[in-house]
Peer 1: 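Sharing a structure below in structure tokens format, with a few things to ask.
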Amino acid sequence: MRALRDLDGQTRVVGVIGWPVAHSLSPPMQNAALEEMGLNWVYVPFAVRPEWVAEALAAVRALGLVGINVTVPHKETVAQLVDQLEGSARVLGSVNTVCNREGTLVGLSTDGEGFLRALQEAGGSVSGKRVVLYGAGGAGRAVAYAVANHGAAQLWIVNRTLQRAESLAALVREQCGIRVSALQLGTEEAQRVTRQAEVVINSTSQGMHPHEDEPPIVAEEWLSEGQWVCDLVYNPRETALLQAARRRNARTLDGTGMLVHQGALALESWTGREVPIATMRKALHAALRAREQSRGH
Ligand code: NAP
């Protein structure tokens with residue numbers, strides 16, 4: 001991170017808006033990358049109340065910020081307020097990155113692509129695979145669309161609220177034309193497809209701090225050797241689901257890979273340059289470790 005004395009008349013600002021935003025791990029991760037890239041930029045968290053989102057976006061333009069990340073609960077609101085939507089952001093109606101292109105605010109969604117890059121980096125792929133996705137919230141929607149768009153053979157979406165899974169399945173079917181079904185969490189059918197799937201993804205918040213001691217969303221005995229088991233939860237990194245998957249000799253992917261890559265894609269879109277992934281990952285892991293230590297883990 002740039003020391004205060006290094007800020008000058010040329011310093012450019014990027015940041016993240018959310019409510020709350022204090023939990024965000026993006027500032028340490030992005031500032032480490034900016035420093036490594038030698039940019040006279042600084043990345044700042046902005047706690048923006050829901051009723052002030054339009055003003056916050058106007059400020060991005062008025063103050064000449066390079067761009068912002070958008071986190072919960074503003075992703076859908078921002079999609080309605082930007083000047084243009086690109087790629088999956090248009091389909092999903094959700095934005096996690098805004099680029100200020102000479103006063104035109106362009107909204108992107110890098111979560112789905114971030115997940116795919118993380119899986120690819122770990123040696124996995126969804127291409128030609130049967131995939132089961134637990135969860136149909138914001139992160140689940142981004143991952144479902146990305147998985148379906150990148151050649152998955154079949155997708156099952158399992159959710160506690162069936163109606164949410166059904167409307168996501170309808171969207172994905174219409175956009176990508178692949179075989180996709182919605183299932184109710186806790187049914188025999190959900191168990192059957194999880195046993196069959198080659199890639200199992202948790203996009204629910206089950207297992208996230210402070211609920212890390214709850215049983216995983218998927219029973220351990222449904223998992224098997226050779227499957228990929230991916231958890232989007234990154235706090236803690238080592239979730240009960242991933243521990244269960246490892247005991248079954250499945251291959252695992254924790255949520256930090258997606259977090260790094262969605263951030264890297266945002267930074268790429270702002271800078272037009274290659275970004276230092278290893279530096280971002282190191283800073284993220286250090287920030288997470290510090291957080292876990294501070295609560296006595
Ligand atoms: P969200 O929009 O609130 O969606 C939450 C999802 O979890 C819904 O499908 C919800 O089901 C389900 N759920 C919540 N509690 C549950 C429970 N006790 N049992 C079963 N299902 C439950 O949240 P989100 O933004 O998608 O985030 C979900 C998780 O992904 C969080 O842990 C978040 O930290 C993580 N995430 C990670 C990344 C990354 O980069 N790694 C990025 C974004 C999010 P209903 O529809 O029935 O309510």
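Quick caveat: nothing in here was measured; it's all calculated off a predicted structure. Remember, it's 1-based here, ligands and their atoms both numbered in the order they're listed. One-based numbering along the sequence shown.
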Peer 1: Does ligand 1 come near enough to D111 that some N or O of the ligand is less than 3.5 Å from an N or O of the residue?
Peer 2: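 Such a contact does not occur with ligand 1.
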
Peer 1: Please report whether ligand 1 has a polar contact with Q262, defined as an N or O pair separated by less than 3.5 Å (distance criterion only).
Peer 2: no

Peer 1: In the structure I gave you, are the side-chain heavy atoms of T110 and E268 within less than 4.5 Å of one another anywhere?
Peer 2: no

Peer 1: If you measure from each non-hydrogen atom of N159 to ligand 1, which part falls under 4.0 Å: side chain, backbone, both or neither?
Peer 2: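 For N159, the contact with ligand 1 is made by the side chain alone.
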
Peer 1: Is the closest N or O pair between V233 and ligand 1 shorter than 3.5 Å?
Peer 2: no

Peer 1: Should you measure from each heavy atom of G255, which atoms of ligand 1 turn up under 4.0 Å away?
Peer 2: 39 (C), 41 (N)

Peer 1: For atom 48 (O) of ligand 1, what is the closest protein heavy atom, and at what distance to 0.1 Å?
Peer 2: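 For this ligand atom, the closest protein heavy atom is R160 NH2, 2.8 Å.
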
Peer 1: Would you mind running through ligand 1 and noting each atom that sits below 4.0 Å from a heavy atom of G135?
Peer 2: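 Near G135, meaning under 4.0 Å from one of its heavy atoms, ligand 1 has 9 (O).
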
Peer 1: Is there at least one pair of N or O atoms, one from M208 and one from ligand 1, spaced under 3.5 Å apart?
Peer 2: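 For ligand 1, there is no N or O atom that lies under 3.5 Å from one belonging to M208.
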
Peer 1: Can you check whether G138 has an N/O within less than 3.5 Å of an N/O in ligand 1?
Peer 2: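 Checking ligand 1 against G138, an N or O pair does fall under 3.5 Å apart.
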
Peer 1: Hey, does Q206 come in under 3.5 Å of ligand 1, counting only N/O atoms on both sides?
Peer 2: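 Among all N and O atoms of Q206, at least one is under 3.5 Å from an N or O of ligand 1.
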
Peer 1: Can you find an N or O of L185 that's nearer than 3.5 Å to an N or O of ligand 1?
Peer 2: no

Peer 1: Counting only heavy atoms, which portion of N235 has something under 4.0 Å from ligand 1: side chain, backbone, both, or neither?
Peer 2: neither

Peer 1: Please confirm whether I217 approaches ligand 1 to less than 4.0 Å, judged on its heavy atoms.
Peer 2: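 Contact check I217 vs ligand 1: positive.
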
